[in-house]
Protein chains: 2
Amino acid sequence: MGQDTARTGRKPRADGLRNREKLLSAAREVFSAGGPEASLEAVAKRAGVGIGTLYRHFPTREALFQAVYMREADQMVSMAESLGGLPPEEALRTWMRGFIGMVATKKGMLSALAPALDSDCPTFADAADRMRATAGLLLDRGREEGVFRSDISPEEMLRVFVGVCYTRDIEGWRDTVTRMLDIFIDGMTCLPDGR
Amino acid sequence: MGQDTARTGRKPRADGLRNREKLLSAAREVFSAGGPEASLEAVAKRAGVGIGTLYRHFPTREALFQAVYMREADQMVSMAESLGGLPPEEALRTWMRGFIGMVATKKGMLSALAPALDSDCPTFADAADRMRATAGLLLDRGREEGVFRSDISPEEMLRVFVGVCYTRDIEGWRDTVTRMLDIFIDGMTCLPDGR
DNA sequence: CTTTATACGGAGGGTGCCTCCGTTTATCAA
DNA sequence: TTGATAAACGGAGGCACCCTCCGTATAAAG
């Protein structure tokens, strides 16, 4: 849509913005119900919009994912900010649980997050950066106090979170995944006696 | 193919067996080159066989994956057996490295392994069982000696291995993944002082 | 009310999935 | 050998989805 809006200084068209919103909420519904590989044509239909319109707004499936779940990424960021009071390890574990909870409801999120970590599209690379920065903050705080080992980067930690969460679709998914990541964090902590 | 071979006691047809082999090696090549979502029609073509023949031998994409990578699963099993001499923790870490090495070359393997863990098709559930049993063996040995904690099942550990490996396609993938899983195993070990 | 930049919609060409069934062929028994 | 028959073959065809392209519609600006 407004690829030249900036160039000509015109106001963005109202119908364009409206359709964008319709598409986003349709996508949210469709991906929730049908999983992340639901058909894009179904999304367009649900939004009451032509398939061409969908593609103009979101040139790739991933672009749509990322737009849909950007909000969630922001929630993760602001949640981390509210964790400032806790001791680092507890903060990280709490954040990790929040992450899992987020994934638990929004099944499409992983499909958005994983590629977002590599994305070079500026808009979304930005969201990914905020996530990375957030994770980095939690890690650094712990490192300063000598709680976490230092041979792991924020990005790597995020990738592990994402990877372990991929294991979906089993009874007791949430408990299992939480336990697994708790074990991982155990491994990340330096013990008082030097490890 | 031989759905009634057993019933009528006829020898299985030679061309059937031949085509099965041709399909398997074609699949191996095509999946190596084009990734796990390469087209099945390409596989059939490469094997010099009709698409119908492919589907008769392997009714689903997963069935084909699993058949292709069954061999690799067996290698993992027999590798574990050769690790009997090592102390449990070292054995597990070595096996884990072997696992990563396997995934590093056969990119399609993950797509086979993950669903195989849930599969109810008897033939392949069997391969998955052997993997589970193997992992269980490594774990149990360690538990007896009080090296590993006991709140993790073989299956869960495998799922973590698989999940973390999903993080592909980055510079230094192999080192990163190895480091991450080493950290996970650190978390799995009980420290002498009680944790 | 015109002009024009924007956006819309969906037809259409392409690819891949999977099924179905007429044809071919390997095995077996006579 | 030679038929009979079970087993396997192959690819046409129906379907769903992907994505592009372009004629049409319409909101903003003057």
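Values reported hereafter were calculated over all heavy atoms of this structure, with side chains retained and with hydrogens, waters and symmetry mates removed.
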Q: For the side chain of B:Ala14, starting at C-beta, report the closest nucleotide among C:dT27, C:dC18, D:dA27.
A: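 Among C:dT27, C:dC18, D:dA27, the one nearest the side chain of B:Ala14 is C:dT27.
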
Atom-to-atom span, [atom1] of [X] to [atom2] of [N] - whole angstrom:
{"X": "B:Lys11", "N": "D:dT5", "atom1": "NZ", "atom2": "P", "result": "21 Å"}
{"X": "B:Arg56", "N": "D:dC9", "atom1": "CZ", "atom2": "P", "result": "5 Å"}
{"X": "A:Arg20", "N": "D:dA27", "atom1": "CZ", "atom2": "C1'", "result": "19 Å"}
{"X": "B:Arg61", "N": "C:dT19", "atom1": "CZ", "atom2": "P", "result": "14 Å"}
{"X": "B:Glu62", "N": "C:dC17", "atom1": "CD", "atom2": "P", "result": "14 Å"}
{"X": "A:Asp15", "N": "C:dG9", "atom1": "CG", "atom2": "C1'", "result": "12 Å"}
{"X": "A:Arg18", "N": "D:dT26", "atom1": "CZ", "atom2": "P", "result": "11 Å"}
{"X": "A:Ile51", "N": "C:dG14", "atom1": "CD1", "atom2": "C1'", "result": "15 Å"}

On the nucleotide [N], are OP1 or OP2 found under 4.0 Å from the side-chain N or O atoms that [X] carries?
{"X": "B:Arg10", "N": "C:dA26", "result": "no"}
{"X": "B:Asn19", "N": "D:dC9", "result": "yes"}
{"X": "B:Arg13", "N": "C:dT25", "result": "no"}
{"X": "B:His57", "N": "D:dA8", "result": "no"}

(Q) Taking donor-acceptor contacts at under 3.5 Å, does the side chain of B:Glu41 reach the base of C:dC18? (A) yes

Q: With DNA chain D as reference, determine whether A:Ala38 or A:Gly52 sits nearer its 5' end, using the nearest nucleotide of each.
A: A:Ala38

Q: Test salt bridge (Lys or Arg N to Asp or Glu O under 4.0 Å) on B:Arg179 and A:Glu156 and set out the steps.
A: CA-CA 10 Å; B:Arg179 190 153 30 84; A:Glu156 287 168 339; 2.9 Å; yes

Q. If you draw a 6.0 Å radius around CZ in B:Arg71, do more than 12 non-hydrogen atoms from other residues or ligands fall strictly inside?
A.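 Result for CZ/B:Arg71: open.
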
Q | Worked check of salt bridge (Lys or Arg N to Asp or Glu O under 4.0 Å) between B:Asp74 and B:Arg130 | A | CA-CA 8 Å; B:Asp74 282 337; B:Arg130 287 204 307 280; 2.2 Å; yes

Q: Let me see the working for A:Glu41 and A:Lys45 under salt bridge (Lys or Arg N to Asp or Glu O under 4.0 Å), right down to the final yes or no.
A: CA-CA 6 Å; A:Glu41 316 216 297; A:Lys45 196 172 207 175; over 6 Å; no

Q: Over 60° means perpendicular and under 30° means parallel, so classify the ring planes of B:Phe184 and B:Phe161, tilted if in between.
A: perpendicular

Q | Sugar-phosphate, base or nothing in reach of B:Thr53, heavy atoms under 4.0 Å | A | base

